[in-house]
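Report on the following structure.
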Amino acid sequence: MATPADEPARPGDLIDIAGVRALLGVGKARAYQLSRDKSWPDPWLDHPQLRLWLRADVEAWLDRHRPGWRDEH
């Protein structure tokens, strides 16, 4: 499990599940399903009430698994 001490980040570098939903254009259930996939990046912060990912990690995942997503945004 990653913790904030492992890698420094600024608030703009981080994305929560709502941000994941917005980037992917999916509903809550689908976003949670994807975030638990073994290919999904590990969270930067994994807390019982909050999970945060590095935006760059999520974008890299999208580049690999959803080519062309950048053209849609």
Side-chain angles (χ1 to χ4, degrees):
M1 172 172 70
T3 64
D6 294 337
E7 184 176 342
R10 296 176 306 212
D13 296 337
L14 302 172
I15 188 169
D16 63 4
I17 199 69
V20 168
R21 290 177 59 200
L23 274 179
L24 296 171
V26 298
K28 186 185 236 180
R30 181 68 176 141
Y32 278 108
Q33 180 184 33
L34 288 170
S35 73
R36 285 169 172 65
D37 186 89
K38 65 181 177 179
S39 68
W40 189 258
D42 291 333
W44 179 81
L45 173 68
D46 194 3
H47 184 275
Q49 296 179 339
L50 178 65
R51 294 175 85 200
L52 297 172
W53 295 269
L54 287 171
R55 179 179 292 275
D57 290 348
V58 172
E59 289 177 352
W61 185 92
L62 287 167
D63 288 339
R64 286 189 309 275
H65 296 275
R66 294 206 174 175
W69 74 273
R70 290 181 190 271
D71 298 333
E72 299 169 7
H73 289 84

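All residue numbers refer to positions in the sequence shown, counting from 1. Please read these numbers as outputs of a predicted model, since none were measured by experiment.
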Taking C-beta and beyond as the side chain, do Leu54 and Leu14 meet within less than 4.5 Å on heavy atoms? yes
Value for CH2 (Trp69) from CG (Asp63), rounded to nearest 0.5 Å, stands at 6.0 Å
For a 4.5 angstrom cut-off between non-hydrogen side-chain atoms, does Asp46 reach Arg51? yes
Could you walk me through whether Leu24 and Arg66 pass side chain to side chain contact (heavy atoms under 4.5 Å, CB included), step by step? CA-CA 9 Å; Leu24 296 171; Arg66 294 206 174 175; 3.7 Å; yes
The reported gap from CH2 in Trp53 to CG in Asp16 (rounded to nearest 0.5 angstrom) is 8.0 Å
Is a donor from one side chain sitting under 3.5 angstrom from an acceptor on the other, for Asp57 and Trp40? no
According to side chain to side chain contact (heavy atoms under 4.5 Å, CB included), who are the partners of Arg21, at least two apart in sequence or on a separate chain? Lys28, Ala31
Assess whether side chain to side chain contact (heavy atoms under 4.5 Å, CB included) is satisfied between His47 and Leu52, documenting all intermediate values. CA-CA 9 Å; His47 184 275; Leu52 297 172; over 6 Å; no
side-chain contact (heavy atoms from CB on, under 4.5 Å) partner of Trp61, the single match among Val20, Leu34, Leu23: Leu34
